[in-house]
There are 2 protein chains.
Amino acid sequence: MNWADLDSGHCSIARAADIVGDRWTLLILRDVSRGIRRFDELSAHLGIARNILSARLGALVANGVLERMPYAEEGRRPHQEYVMTPRGAELLPVLLALIAWGDRHLSEEPPVRAVHNGCGHEVRLVPTCTAGHALTGGGEVQIVPGPGARRVDRE
Amino acid sequence: MNWADLDSGHCSIARAADIVGDRWTLLILRDVSRGIRRFDELSAHLGIARNILSARLGALVANGVLERMPYAEEGRRPHQEYVMTPRGAELLPVLLALIAWGDRHLSEEPPVRAVHNGCGHEVRLVPTCTAGHALTGGGEVQIVPGPGARRVDRE
DNA sequence: CTATTGAGTAGTCAAATGCAACTCAGCCTG
DNA sequence: CAGGCTGAGTTGCATTTGACTACTCAATAG
C-alpha cells in the first residue's frame, strides 16, 4: 500500500485540521469547554483581536462545533453565549491528547489536569481496540486506509 | 475556580498548539508517521510550497518532534529522511483523536482507520481514569488546573 | 439623557503563504 | 569530463491572512 497514492486532502485528519487546525481555534474550544463563553471574556482572556475572534467563532458555528445562543440572566441585559454542540463536545479527546502531550513534553509540572468527575482520578486516553486490548506500548497501532479512501487525481 | 484568572498562554494546550496547531504541521506528521519521509515526497503529496515545508520541517526538528537523518540505500545516492522522534511518536493520540472526530462528523465513510497491529481490530481512544474506570459517556471528564497553573499577570 | 457594556465591523499595516525560479551537490551517462 | 538529472533546499516577489486600533450600534443602567 502506497500512501502517497491517496488524496491528501480527502482524509479525516485534513478535514478535521481544516476546522480545528488553528492556534486560536483550539484555544477558543479550550476556553469554551471550561465555561468562558462570552465574546468579551474570550477576547480578554485569549488576547485575540476582536475581528479574528469574530471570524473564528463564526466558522466554528458554521461548522456545527459551537452554537450561538442568546442568554439572559435576570436583572442583566441579554447577551450571546457560545456553547459546545454535541459535535463540538466530541472534540474533547483532541484537547485531552494535546494536554497529555504538552504536559509530558513541554512543562515540568502540568498546568492542567483532566480528572474523572466521579472519582477524581486523573484521566488518560488509552488506545483500545474493539477486541478489548489496551495498547500501552508504542508501535502497536497502524493507520490503514478505510473504505472512504480516495486515490489522488492525476491524469 | 475562575479559569479566566489563569494565564492562557501558560497552558499545555497553548504550548502544544504552538507546535502542532497548524494545518500543514498536522498533515506533515500524518504523512511522516505513514512513511512519507522525504522532502520531495512530502512536497508532492501535500501540495505544500517548498519554502513552507522547509520552514515547518525545520521547526519540527527544532522542537524535537522530528529528526533529520541522512539515509543511503546502497547503489543510490544518499538523501535526507525525516523520522519521528519518541516525542513525536507520542503525538499519535492527537492524530487518532482527529481521525476519530473527522470520521464521525465529516465523512460518510472513514477514509482512514486505526487498527491494532496484533489482532487487526479497530483502535479507539478511550478516556480512562487511573482508577481504571473507562469513561464512555460525555460530561464525565473535567479539566482542572494542575500544579503548574499560573495566574495571569496583571498589575 | 448620558455612560457603559456587549458584540461586532472598518481601516490599516505587518507577517505568513504561495509560486516560480534559482542554487548546489552528488551521481550517471555518453 | 560536459551535460543531465535528482534531491534538497533557498531567494525574490505578489498575494493572502493576521493582528492592532479605532469606530459603530444597540440595550440597559443610573
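To find a chain, count down the sequence lines: A is the first, B the second, and so on, and within it residues start at 1. Values below: all heavy atoms of this structure, side chains included; hydrogens, waters and symmetry mates excluded.
Within the structure, ring pair (Phe, Tyr, Trp, His ring centres under 6.0 Å) pairs that include any residue of residues 22-70 of chain A do not occur (at least two apart or interchain). For residues 85-124 of chain A, the set of pairs meeting the ring pair (Phe, Tyr, Trp, His ring centres under 6.0 Å) definition, not counting sequence neighbours, comprises Trp101(A)-His105(A), His116(A)-His133(B).
Contact annotation: Arg37(A) does not reach the phosphate of dG6(C) (side-chain N/O to OP1 or OP2, under 4.0 Å). In this model, the phosphate group of dA8(D) is not approached by any side-chain N or O of Ser43(B) to a distance below 4.0 Å at OP1 or OP2. A sub-4.0 Å separation between OP1 or OP2 of dA8(D) and a side-chain N or O of Tyr71(B) is absent. Using a 4.0 Å cut-off, no side-chain N or O of Tyr82(B) falls inside it from OP1 or OP2 of dG7(D).
In this structure, Arg124(A) places its CZ atom where only 12 or fewer heavy-atom neighbours from other residues, nucleotides or ligands lie under 6.0 Å away.
Atom P of nucleotide dA8(D) and atom CD of Glu81(B) are separated by 9 Å, given to the nearest angstrom. Computed from coordinates, the Asp40(B) CG to dC5(D) P distance equals 16 Å when rounded to whole Å. Per the geometry, CG belonging to Leu66(B) stands 14 Å off P belonging to dA8(D), to the nearest Å. Leu57(A) has its CG atom 11 Å from the P atom of dT9(C), to the nearest Å. Distance Gln80(A) CD to dC25(D) P: 18 Å, rounded to the nearest Å. A straight line from CG of Leu53(A) to C1' of dG6(C) spans 12 Å, rounded to a whole angstrom. Summarising the geometry, the separation between NE2 on His79(A) and C1' on dT28(D) is reported as 14 Å, rounded to the nearest angstrom. Note: CE (Met69(A)) to C1' (dA7(C)) measures 17 Å, nearest angstrom.
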Can you give the donor-acceptor pairs under 3.5 Å from side chains of residues 106-113 of chain B to other protein atoms, not counting sequence neighbours?
unit_1, atom_1, unit_2, atom_2, d
Ser107(B), OG, Arg15(A), NH1, 3.4
Arg113(B), NH1, Glu122(B), OE1, 2.9

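Under the salt bridge (Lys or Arg N to Asp or Glu O under 4.0 Å) criterion, Glu81(A) pairs with no residue at all, not counting sequence neighbours. Every residue meeting the side chain to side chain donor-acceptor pair (under 3.5 Å) condition with Asp40(A), not counting sequence neighbours, appears here in chain and number order: Arg50(A).
The side chain of Arg68(B) lies closest to dG9(D) when the candidates are dG6(C), dG9(D), dG8(C). Comparing atom distances between the Ser54(A) side chain and each of dA8(D), dA7(C), dT9(C) picks out dT9(C) as nearest.
Looking at Arg68(A), Arg37(A), Glu67(A) one by one, the single match for side-chain hydrogen bond (donor to acceptor under 3.5 Å, both in side chains) with Tyr82(A) turns out to be Arg68(A).
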Fill in: Base versus backbone protein contacts along nucleotides 14-19 of chain C [heavy-atom cut-off under 4.0 Å; B, S, -]
---SBB
